*Asks:* 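Right, I'll just put the structure down here and ask away after.
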Amino acid sequence: MNSAECFDDLGVAVATDEPLASHTWLGVGGAARYFCEPVDVDALTKVVRRCHERQVPIRVIGGGSNVLIASSGFDGMVVRLTGPQFCEIRAERPSIVAGAGAKLVHVVTAAVQAGLAGLETLVGIPGTIGGGLVGNASGRGGDIGQRVREVTVLTREGEIEVRSGSDLAFQSRWSNLDDAIILSCRLELEEEPVDTLTKRMQKQWILERAEQPSGTRTVAMMFQDPPGSTAASLISQSGAKERVVGNAAVSVSHANFVVTKPDCGSDDVRSLLEQVRAQVSERLSVNLTPQIEVW
Ligand SMILES: Cc1cc2nc3c(=O)[nH]c(=O)nc-3n(C[C@H](O)[C@H](O)[C@H](O)COP(=O)(O)OP(=O)(O)OC[C@H]3O[C@@H](n4cnc5c(N)ncnc54)[C@H](O)[C@@H]3O)c2cc1C
């Protein structure tokens with residue numbers, strides 16, 4: 001049993017041995033040595049500074065839709081930005097300002113309701129703004145990075161920084177924001193009638209639902225689409241669609257998703273990913289890049 005003594009004087013509730021599985025979509029993996037949900041930026045800053053002083057590694061978990069937690073868990077501090085200050089969404093025409101803990105779907109909906117266009121095609125993507133910015137979440141109509149004008153972060157040393165222009169870089173499913181804790185961002189959008197935007201968003205929602213595995217929440221996207229192809233079609237062509245390891249299997253409805261059953265272990269998911277990747281490489285000479293991040 002770990003003790004959170006080194007955080008006791010901060011006035012921030014820090015839990016120990018927090019099971020992380022329930023904070024992820026896949027529902028697998030071990031515990032975090034320390035875990036907290038700071039109420040605001042001040043509380044978060046205290047925790048980040050203390051972790052820096054004591055050399056405790058720190059990670060943020062957003063919606064947990066793109067992480068696979070190892071069975072050994074994480075030997076450090078995991079924070080979730082669930083406090084109201086982190087989840088704020090406000091229209092400042094023609095921009096939307098959103099906290100890193102806000103769900104992407106809520107930000108998209110708020111933009112549409114405010115008559116601000118540019119995010120509708122991201123509507124079906126699970127997770128938070130923070131996770132979406134780190135991995136440059138993308139849908140059919142583009143990625144979130146295209147809309148980002150400014151990002152406020154807390155550095156690992158506990159200093160607030162506002163990044164914009166050439167300080168920001170976004171590429172396919174990647175950004176240079178993985179060195180800090182994202183606090184909020186400003187997304188630049190365009191004015192359009194609410195009715196038009198609502199219809200576009202609903203259409204996109206239906207398309208996304210049809211393409212994603214249905215009937216379960218215990219899923220994750222396995223690989224990124226390589227240029228000119230899709231990971232799903234390559235997995236199907238290679239014959240890896242039938243693969244099952246323990247209680248983890250390739251989704252029947254979409255070959256690029258892994259689905260877990262109750263009692264699945266993190267190692268089952270990991271082995272399945274390795275086997276699928278190896279089969280695609282062996283049969284089709286394509287090396288797939290993992291989408292999901294392994295902790
Ligand atoms: C059913 C399903 C469909 C999906 N469809 C798509 C899709 O169409 N397009 C797409 O791009 N992705 C898709 N994904 C993948 C995933 O939803 C995205 O990558 C999403 O943006 C992850 O957000 P999250 O909040 O869940 O991040 P998490 O999984 O919680 O974390 C992902 C990474 O972001 C970091 N992070 C999170 N918040 C912060 C923060 N505030 N500051 C610093 N780092 C932070 C974490 O430390 C971690 O490194 C899909 C996943 C699923 C399960």
Side-chain angles (χ1 to χ4, degrees), residues 20 23-27 29 32 37-38 41 44 48 57-69 74 76-83 85-87 98-108 119 121-146 151-156 161 163 170-185 204-205 207-225 230-232 251 253-254 256-260 269 289-295:
L20 291 176
H23 297 296
T24 70
W25 272 54
L26 281 173
E37 298 183 82
V41 175
L44 174 66
V48 168
I58 182 164
R59 285 189 177 159
V60 187
I61 192 151
S65 63
N66 202 41
V67 288
L68 168 62
I69 313 287
F74 179 63
M77 168 68 80
V78 172
V79 293
R80 267 183 97 212
L81 306 182
T82 47
Q85 204 185 67
F86 299 112
C87 300
K103 289 201 170 133
L104 183 57
V105 64
H106 293 166
V107 179
V108 174
L119 299 178
T121 56
L122 304 177
V123 71
I125 305 175
T128 58
I129 283 287
L133 289 178
V134 168
N136 192 16
S138 61
R140 290 160 183 276
D143 55 50
I144 193 167
Q146 291 168 246
V151 181
T152 304
V153 301
L154 188 65
T155 65
R156 301 278 163 188
E161 264 179 28
R163 298 182 182 174
F170 293 94
Q171 288 168 16
S172 171
R173 300 284 164 96
W174 176 90
S175 79
N176 65 347
L177 288 161
D178 57 354
D179 63 335
I181 296 178
I182 299 166
L183 298 177
S184 64
C185 71
Q204 181 63 28
W205 182 261
L207 285 172
E208 283 277 337
R209 289 295 109 188
E211 283 183 358
Q212 287 174 9
S214 53
T216 175
R217 194 179 178 265
T218 54
V219 293
M221 195 181 257
M222 293 193 282
F223 302 101
Q224 298 178 14
D225 287 336
T230 64
S251 162
S253 53
H254 193 303
N256 193 26
F257 284 88
V258 49
V259 184
T260 57
V269 180
T289 307
Q291 160 71 27
I292 191 156
E293 195 182 308
V294 183
W295 282 19

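This one's a predicted model, so the numbers in the text were calculated from it and none came from an experiment. One-based numbering, in listed order, for ligands and for the atoms of each.
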*Asks:* Could you identify the single nearest non-hydrogen protein atom to atom 31 (O) of ligand 1 and state the distance to 0.1 Å?
*Replies:*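 Here the nearest protein heavy atom works out to Val67 CG1, 3.9 Å.
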*Asks:* Between ligand 1 and Gly64, is the shortest N or O to N or O distance under 3.5 Å?
*Replies:*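 It does: an N or O of Gly64 is found under 3.5 Å from an N or O of ligand 1.
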*Asks:* Which option wins on minimum heavy-atom distance to atom 14 (N) of ligand 1: Met221, His23, Glu208?
*Replies:*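 Going through Met221, His23, Glu208 one by one, Met221 has the nearest heavy atom to atom 14 (N) of ligand 1.
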*Asks:* Could you establish whether Pro213 and ligand 1 come within less than 4.0 Å of each other, counting only heavy atoms on the residue side?
*Replies:*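 No; Pro213 lies far enough from ligand 1 that no heavy-atom distance drops under 4.0 Å.
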*Asks:* Using a 4.0 Å cut-off to any heavy atom of Gln291, which atoms of ligand 1 qualify?
*Replies:*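 By the 4.0 Å cutoff, the relevant atoms are 15 (C), 19 (O).
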*Asks:* Any sub-3.5 Å donor-acceptor pair from Glu208's side-chain atoms to Trp205's backbone N or O?
*Replies:*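 Absent.
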*Asks:* Do any nitrogen or oxygen atoms of Gly63 come within less than 3.5 Å of a nitrogen or oxygen of ligand 1?
*Replies:*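 For ligand 1, there is an N or O atom that lies under 3.5 Å from one belonging to Gly63.
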*Asks:* For ligand 1, which atoms, with element, lie under 4.0 Å from some heavy atom of Gly127?
*Replies:*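 Close to Gly127: 23 (O), 24 (P), 25 (O), 26 (O).
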*Asks:* Give the C-alpha distance, both sets of side-chain angles, the deciding distance and a yes or no for side chain to side chain contact (heavy atoms under 4.5 Å, CB included) between Ile144 and Ile129.
*Replies:* CA-CA 9 Å; Ile144 193 167; Ile129 283 287; 4.1 Å; yes
*Asks:* Please tell me if the side chains of Leu26 and Ile292 come closer than 4.5 Å, counting only heavy atoms from C-beta onward.
*Replies:*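 Side-chain contact under 4.5 Å: yes.
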*Asks:* Trp25 to ligand 1: N or O pair under 3.5 Å?
*Replies:*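 The answer is no, given that Trp25 and ligand 1 share no N or O pair closer than 3.5 Å.
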*Asks:* Taking distance alone, with no angle check, do Ala100 and ligand 1 share an N/O pair under 3.5 Å?
*Replies:*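 There is no such contact.
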*Asks:* Go through it in stages, so that I can follow the logic: the residues are Leu68 and Val258, the test is side chain to side chain contact (heavy atoms under 4.5 Å, CB included), and I'd like the CA-CA distance, side-chain angles, deciding distance and then a yes or no.
*Replies:* CA-CA 11 Å; Leu68 168 62; Val258 49; over 6 Å; no
*Asks:* Would you say the side chain of Ser251 lies within less than 4.5 Å of the side chain of Val219, judging by non-hydrogen atoms?
*Replies:*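 No; the side chains remain at least 4.5 Å from each other.
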*Asks:* Answer yes or no: is there a side-chain heavy-atom contact under 4.5 Å between Ile58 and Val48?
*Replies:*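 In contact.
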*Asks:* Any heavy-atom pair between the side chains of Phe86 and Val41 that's under 4.5 Å?
*Replies:*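 In short, these two side chains touch, coming nearer than 4.5 Å.
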*Asks:* Run the numbers for me: atoms of ligand 1, each under 4.0 Å from some heavy atom of Leu81, listed by number.
*Replies:*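 Ligand 1 atoms under the 4.0 Å threshold to Leu81: 41 (N).
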*Asks:* Answer with yes or no whether Gly139 contacts ligand 1, where contact means a heavy atom under 4.0 Å from a ligand atom.
*Replies:*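 Under 4.0 Å: no for Gly139.
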*Asks:* Considering only protein heavy atoms, which is closest to atom 50 (C) of ligand 1, and at what distance to one decimal place?
*Replies:*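 Answer for atom 50 (C) of ligand 1: Pro126 CD, 3.7 Å.
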*Asks:* Quick check against the 3.5 Å criterion: does Asp225 have a side-chain atom that pairs as donor or acceptor with the backbone of Ala231?
*Replies:*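 Flag set: sc Asp225 to bb Ala231 pair under 3.5 Å.
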*Asks:* Do Asn256 and Phe223 make a side-chain contact, defined as non-hydrogen atoms from C-beta onward lying under 4.5 Å apart?
*Replies:*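 Contact flag for Asn256/Phe223 side chains = yes.
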*Asks:* If the cut-off is 4.0 Å to any non-hydrogen atom of Ala137, which atoms of ligand 1 fall inside it?
*Replies:*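 Every atom of ligand 1 under 4.0 Å from some heavy atom of Ala137: 11 (O), 21 (O).
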*Asks:* To the nearest 0.1 Å, how far is atom 17 (O) of ligand 1 from its closest protein heavy atom, and which atom is that?
*Replies:*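 Scanning the protein heavy atoms, the shortest distance from atom 17 (O) of ligand 1 goes to Ser65 OG, 2.8 Å.
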*Asks:* Would you say ligand 1 has an N or O under 3.5 Å from any N or O of Val60?
*Replies:*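 There is such a contact, yes.
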*Asks:* Going by atom types only, do Asn66 and Gln291 share a side-chain donor-acceptor pair under 3.5 Å?
*Replies:*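 Yes, Gln291 and Asn66 have a side-chain donor paired with an acceptor closer than 3.5 Å.
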*Asks:* Hey, is the main chain of Ser172 close enough, under 3.5 Å, to the side chain of Asp143 for a donor-acceptor pair?
*Replies:*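 Checked: no pair found.
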*Asks:* Are Arg163 and Leu177 side-chain neighbours, meaning at least one heavy-atom pair lies under 4.5 Å?
*Replies:*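 Arg163 vs Leu177: side chains touch.
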*Asks:* Give the residue, atom name and distance (to 0.1 Å) of the protein heavy atom nearest atom 45 (C) of ligand 1.
*Replies:*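 Looking only at protein heavy atoms, the one closest to atom 45 (C) of ligand 1 is Val134 CG2, 3.7 Å.
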*Asks:* Would you call Gln212 a ligand 1 contact, heavy-atom distance under 4.0 Å?
*Replies:*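 It does; at least one heavy atom falls under 4.0 Å.
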*Asks:* Minimum distance, heavy atoms only, to atom 11 (O) of ligand 1: which one of Gly130, Ser175, Ser138 is it?
*Replies:*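 Residue with the shortest heavy-atom distance to the ligand atom: Ser138.
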*Asks:* What is the minimum heavy-atom distance between Asn176 and Asp179, and which atoms define it?
*Replies:*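 For Asn176 and Asp179, the tightest heavy-atom pair comes out as O-OD1, 3.4 Å.
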*Asks:* Closer than 4.0 Å to some heavy atom of Trp295 - which atoms of ligand 1 meet that?
*Replies:*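 With Trp295 as reference, the close atoms of ligand 1 come out as 47 (O).
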*Asks:* Is there at least one pair of N or O atoms, one from Asn66 and one from ligand 1, spaced under 3.5 Å apart?
*Replies:*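 There is such a contact, yes.
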*Asks:* Looking only at protein heavy atoms, which one is nearest to atom 42 (N) of ligand 1, and how far off is it?
*Replies:*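 I find the closest protein heavy atom is Ile182 N, 2.9 Å.
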*Asks:* Within the distance-only criterion (no hydrogens, no angle test), does the side chain of Asn136 pair as donor or acceptor with the backbone N or O of Gln171 below 3.5 angstrom?
*Replies:*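 Present.
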*Asks:* Please write down residue, atom name and distance for the protein heavy atom closest to atom 13 (C) of ligand 1.
*Replies:*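 Result for atom 13 (C) of ligand 1: Ile125 CG2, 3.8 Å.
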*Asks:* Counting both backbone and side chain atoms, is some N or O of Phe257 under 3.5 Å from an N or O of ligand 1?
*Replies:*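 No; the residue has no nitrogen or oxygen that sits under 3.5 Å from a nitrogen or oxygen of the ligand.
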*Asks:* Among all protein heavy atoms, pick out the one at the shortest distance from atom 49 (O) of ligand 1; state its residue, atom name and that distance to 0.1 Å.
*Replies:*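 So the nearest neighbour among protein heavy atoms is Glu293 OE1, 2.7 Å.
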*Asks:* Can you list the atoms of ligand 1 that are under 4.0 Å from a heavy atom of Arg173?
*Replies:*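 This gives 9 (N), 10 (C), 11 (O) as the contact atoms.
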*Asks:* Tell me, do Arg59 and Glu293 make a side-chain contact under 4.5 Å, heavy atoms counted?
*Replies:*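 No, side chains not in contact.
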*Asks:* Return a yes/no value for Asn136: is any of its N or O atoms, backbone included, closer than 3.5 angstrom to an N or O of ligand 1?
*Replies:*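 Between Asn136 and ligand 1, no N or O pair is found under 3.5 Å apart.
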*Asks:* For atom 43 (C) of ligand 1, what is the closest protein heavy atom, and at what distance to 0.1 Å?
*Replies:*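 Checked against all protein heavy atoms, atom 43 (C) of ligand 1 sits closest to Ala180 O, 3.4 Å.
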*Asks:* So, do Leu81 and Thr128 sit near enough that their side-chain heavy atoms are less than 4.5 Å apart?
*Replies:*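 A side-chain contact is absent here, since even the closest heavy-atom pair is not under 4.5 Å.
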*Asks:* What are the atoms of ligand 1, with element, lying closer than 4.0 Å to any heavy atom of Ile61?
*Replies:*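 Going through ligand 1 atom by atom, the ones under 4.0 Å from Ile61 are 30 (O).
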